[in-house]
Enquirer: 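Just passing along the structure, written as structure tokens.
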Amino acid sequence: MKEGEGYLREAYPVWKLLEEHYEKIKKVHLRQLFEDDPQRGEKMVVEDEGIYFDYSKHRITSETLNLLLQLAEQSALQGHIEAMFSGEKINISEDRAVLHIALRSPRGDSIIVDGEDAVVKVHEVLHKMANFASQIRSGQWKGFTGKSIRNVISIGIGGSNLGPEMAYQALRYYSIPEIKFAFLSNIDGTDFYEKVSGLNPEETLFIISSKSFTTPETMVNTHTARTWLLNHHKNDKAISKHFVAVSTNRTMVQEFGIAPENMFVFWDWVGGRYSLCSAIGLSVMIAIGPENFYSLLRGAHRIDQHFHHTPLERNIPVLMALLSIWYNNFFGAETSAILPYEQYLKLFPVYLQQVTMESNGKCVDIEGRRVAYQTGPIYWGEVGTNGQHSFYQLMHQGTKLIPCDFIAFLEPLHKIGKHHELLISNVFAQAEALAFGKTEEVLRMEGVGEKLIPYRVFEGNRPSSMIILDRLTPENLGKLIALYEHTVFTQGIIWKINSFDQWGVELGKVLATRIAEELKNPAISHLTHDSSTNQLIKKYWKRNE
Ligand code: G6Q
């Protein structure tokens with residue numbers, strides 16, 4: 001680590017003003033802010049690209065916003081956005097460009113990386129994916145014994161799993177019913193057992209998704225899958241009909257025995273957690289069909305354009321990032337909740353945990369100095385209304401400040417009875433309750449006895465954003481994904497960290513490899529870990545003698 005610490009107060013002249021402003025505003029209640037300006041709920045809204053973003057229920061005034069926008073300007077955000085969009089190698093610790101935006105650029109656009117046009121390459125692969133997906137969907141692709149594919153198992157972990165699995169779940173409504181999809185990620189044998197149980201190997205396709213094609217979990221699962229398949233077919237030639245790979249590592253893919261024509265490539269300028277729009281999305285394309293997959297890309301591209309070209313004060317991801325910094329760095333909020341009121345988005349908070357926390361969970365700034373300020377908060381969440389009967393108690397009456405994003409769709413995918421209006425009434429009500437609470441006076445007027453009043457008061461003043469779209473479509477999912485990706489980018493620029501590396505996952509991997517060797521060998525007389533780890537290894541040996 002370099003000498004000294006990174007301070008945002010030194011980097012940004014406006015930081016001190018924000019600190020002073022915070023002192024003035026920290027006790028101001030949202031009730032007051034709404035009373036002061038009866039039009040607040042109409043003014044503090046951005047509506048663009050089919051997204052209605054209401055940020056009026058935040059503990060800000062127009063002065064706060066003004067200062068936060070100055071912060072974005074002082075961070076030279078616009079210049080950094082240009083650098084990303086033009087293919088500069090902004091991931092400096094890995095010397096790579098960061099071009100997930102190229103994955104959804106329309107044919108005809110051009111972004112040159114290392115002398116080659118990234119957009120041309122993207123469309124070649126998309127074309128190959130679409131051909132393959134159509135063959136699987138139509139039943140034209142036959143397994144080794146001539147049967148069509150009825151089960152697709154995507155093997156991959158982290159960025160090669162969370163995006164596709166989330167998108168598959170989110171878009172199940174659009175998925176082909178004749179094919180079953182499963183996502184195998186964990187090295188836990190239970191995951192393998194449960195995913196393949198009852199499947200006919202003759203009708204099963206494995207998609208091995210791994211950027212590096214060396215990740216232990218994925219490789220172990222892939223070899224187990226190969227054994228499972230060959231135990232049935234007893235012929236190596238079956239591999240070519242039941243295994244395809246998505247990777248950047250041609251050599252390793254070939255070594256495993258997957259033919260080049262069964263490989264879908266992507267590139268080092270696509271970060272794992274930003275890779276859903278690349279060939280890593282192949283399983284999703286098979287599920288929803290090429291046209292729907294193209295719609296997802298179109299949605300993401302529309303938000304890329306919005307982020308690239310919209311002035312900061314109307315730029316939704318920029319506003320989302322600034323608001324999160326306001327709570328994270330001034331109010332001291334430690335977490336942020338993602339609360340989609342849409343059952344199909346069940347995995348969206350889990351997916352976002354990686355995008356946000358692997359990107360911005362850093363304590364060293366871009367210059368290699370220890371930061372003297374808070375960076376990425378903890379993101380978590382659950383679909384509504386389930387959370388309301390669980391952790392919302394803490395959000396309403398606990399001692400912690402938890403800013404949250406509500407996400408909802410005006411129109412349901414399944415029109416069943418009154419379900420949708422009840423669902424939507426709940427999301428609106430929660431945002432209202434968090435912001436305005438319930439006072440002692442109101443409770444008294446309702447006849448609540450004095451003894452119970454302290455317990456039944458809702459302080460309110462708990463901030464939230466409301467993100468509304470018309471319907472959960474592939475295009476709208478693409479928009480939501482890009483919205484958060486660019487929020488994370490903006491946060492990273494202001495916090496002066498590299499949002500695109502993830503060295504923090506390395507140490508555990510190295511130690512696990514060493515311990516795996518030791519677990520196999522109870523004859524080792526002298527373990528050299530700490531006393532706790534040594535003891536744990538011995539306990540394992542004893543049970544598995
Ligand atoms: C994501 C990370 C990480 C990665 C997995 C899988 O940004 O880099 O989650 O996606 O470790 O890596 P492979 O795709 O190389 O198997």
Side-chain angles (χ1 to χ4, degrees), residues 84 90-101 103 125 153-167 183-188 191-192 206-226 243-256 258 263-284 347 349-362 376 379 481-482 484-489 491-492 497-513:
M84 173 168 73
I90 59 171
N91 176 357
I92 55 160
S93 70
E94 295 179 319
D95 193 29
R96 288 176 182 168
V98 174
L99 275 179
H100 40 282
I101 53 109
L103 301 171
V125 175
I153 302 190
S154 173
I155 303 184
I157 196 164
S160 297
N161 161 254
L162 291 161
E165 187 168 9
M166 177 281 291
F183 294 81
L184 171 59
S185 55
N186 200 339
I187 205 161
D188 186 335
D191 202 13
F192 182 85
F206 291 99
I207 302 179
I208 316 306
S209 301
S210 177
K211 183 173 170 179
S212 58
F213 224 75
T214 58
T215 304
E217 289 89 339
T218 302
M219 289 304 109
V220 169
N221 276 325
T222 300
H223 281 97
T224 308
R226 196 225 305 253
F243 276 81
V244 299
V246 178
S247 186
T248 58
N249 190 341
R250 289 174 199 271
T251 319
M252 296 297 284
V253 168
Q254 245 168 316
E255 259 175 39
F256 178 81
I258 295 179
M263 175 181 177
F264 300 84
V265 296
F266 62 114
W267 310 272
D268 73 354
W269 40 261
V270 182
R273 55 195 172 276
Y274 298 92
S275 63
L276 169 65
C277 295
S278 73
I280 288 290
L282 182 62
S283 49
V284 181
L347 294 182
V350 178
Y351 155 77
L352 278 187
Q353 284 186 321
Q354 187 194 24
V355 174
T356 55
M357 296 203 271
E358 202 167 59
S359 298
N360 286 340
K362 313 279 162 72
Y379 281 84
I481 290 166
Y484 281 95
E485 286 175 347
H486 298 319
T487 299
V488 165
F489 176 89
Q491 292 170 328
I497 53 180
N498 181 1
S499 304
F500 300 104
D501 60 10
Q502 57 285 316
W503 300 102
V505 296
E506 294 300 317
L507 179 59
K509 276 197 213 169
V510 173
L511 288 177
T513 312

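Counting starts at 1 for both ligands and their atoms, in listed order. Just so it is clear, the model here is predicted, and its values are computed rather than measured.
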Enquirer: Quick one: does atom 9 (O) of ligand 1 have a protein heavy atom under 4.0 Å from it?
Expert: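 Yes; the ligand atom in question has protein heavy-atom contact below 4.0 Å.
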Enquirer: Is there at least one pair of N or O atoms, one from Gly158 and one from ligand 1, spaced under 3.5 Å apart?
Expert: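 No: no nitrogen or oxygen of Gly158 is under 3.5 Å from one in ligand 1.
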Enquirer: Nearest protein heavy-atom contact for atom 2 (C) of ligand 1: which residue, which atom, what distance?
Expert: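 Ranked first by proximity to atom 2 (C) of ligand 1 is Glu358 OE1, 3.2 Å.
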Enquirer: Among side-chain atoms of Ser275 and Ser278, is any donor-acceptor pair under 3.5 angstrom?
Expert: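 Side-chain D/A pair, Ser275 to Ser278: absent.
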Enquirer: Can an N or O of Lys211 be found at a distance shorter than 3.5 Å from an N or O of ligand 1?
Expert: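 Yes; at least one N/O pair falls below 3.5 Å.
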Enquirer: Would you indicate whether the side-chain heavy atoms of Phe243 and Phe256 approach each other to under 4.5 Å?
Expert: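 The answer is yes, as the side chains (C-beta and beyond) meet within the 4.5 Å cut-off.
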Enquirer: Under 4.0 Å, counting heavy atoms only: does Gln354 come that close to any atom of ligand 1?
Expert: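 Gln354: in contact with ligand 1 (<4.0 Å).
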Enquirer: Quick check: does Lys509 get an N/O under 3.5 Å from an N/O on ligand 1?
Expert: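 No, Lys509 has no N/O under 3.5 Å of an N/O on ligand 1.
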Enquirer: If the cut-off is 4.0 Å to any non-hydrogen atom of Gly272, which atoms of ligand 1 fall inside it?
Expert: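 Answer for ligand 1: 1 (C), 7 (O), 10 (O).
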Enquirer: Show me which atoms of ligand 1 lie under 4.0 Å from any heavy atom of Ser160.
Expert: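 Result: 10 (O), 13 (P), 14 (O).
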Enquirer: In ligand 1, which numbered atoms sit nearer than 4.0 Å to a non-hydrogen atom of Arg273?
Expert: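 What qualifies from ligand 1 is 1 (C), 7 (O).
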Enquirer: Checking Asp501 now: which residues fulfil salt bridge (charged side-chain N to carboxylate O under 4.0 Å, His left out) with it, not counting sequence neighbours?
Expert: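 Once residues adjacent in sequence are excluded, the partners of Asp501 under the salt bridge (charged side-chain N to carboxylate O under 4.0 Å, His left out) criterion are Lys362.
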Enquirer: Between Asn249 (side chain only) and Thr214 (backbone N and O only), is there a donor and an acceptor less than 3.5 Å apart?
Expert: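 No.
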Enquirer: Which atoms from ligand 1 have a heavy atom of Ser210 less than 4.0 Å away?
Expert: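 Result: 13 (P), 14 (O), 15 (O), 16 (O).
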Enquirer: Below 4.5 Å, heavy atoms only, C-beta onward: do His100 and Cys277 meet side chain to side chain?
Expert: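 Not touching, per the 4.5 Å side-chain cut-off.
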Enquirer: Can you report which non-hydrogen protein atom sits closest to atom 4 (C) of ligand 1, along with the distance?
Expert: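 Looking at atom 4 (C) of ligand 1, the protein heavy atom closest to it is Gly159 N, 3.8 Å.
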Enquirer: Between Phe489 and Phe500, what is the ring plane arrangement, given parallel below 30°, perpendicular above 60°, and tilted in between?
Expert: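 Judged by the thresholds at 30° and 60°, the geometry between Phe489 and Phe500 is tilted.
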Enquirer: Give the residue and atom name of whichever protein heavy atom lies nearest to atom 6 (C) of ligand 1, and the separation in Å to one decimal.
Expert: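 That would be Ile157 O, 3.2 Å.
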Enquirer: Consider only side-chain N and O atoms of Thr248 and Trp267, and report whether a donor and an acceptor are under 3.5 Å apart.
Expert: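 No, Trp267 and Thr248 have no side-chain donor paired with an acceptor closer than 3.5 Å.
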Enquirer: Show me which atoms of ligand 1 lie under 4.0 Å from any heavy atom of Ser212.
Expert: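 In order of numbering, the contacting atoms are 13 (P), 15 (O), 16 (O).
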Enquirer: Quick one: pull up OG in Ser160 and NZ in Lys211 and give me the separation to the nearest 0.5 Å.
Expert: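 Here the rounded value is 8.5 Å.
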Enquirer: Which residue and non-hydrogen atom of the protein lie closest to atom 12 (O) of ligand 1, and at what distance in Å?
Expert: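 Ranked first by proximity to atom 12 (O) of ligand 1 is Thr215 OG1, 3.4 Å.
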Enquirer: Rounded at 0.5 Å granularity, tell me how far CG in Leu276 sits from CG in Asn161.
Expert: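 Interatomic distance, Leu276 CG to Asn161 CG, rounded to 0.5 Å: 11.0 Å.
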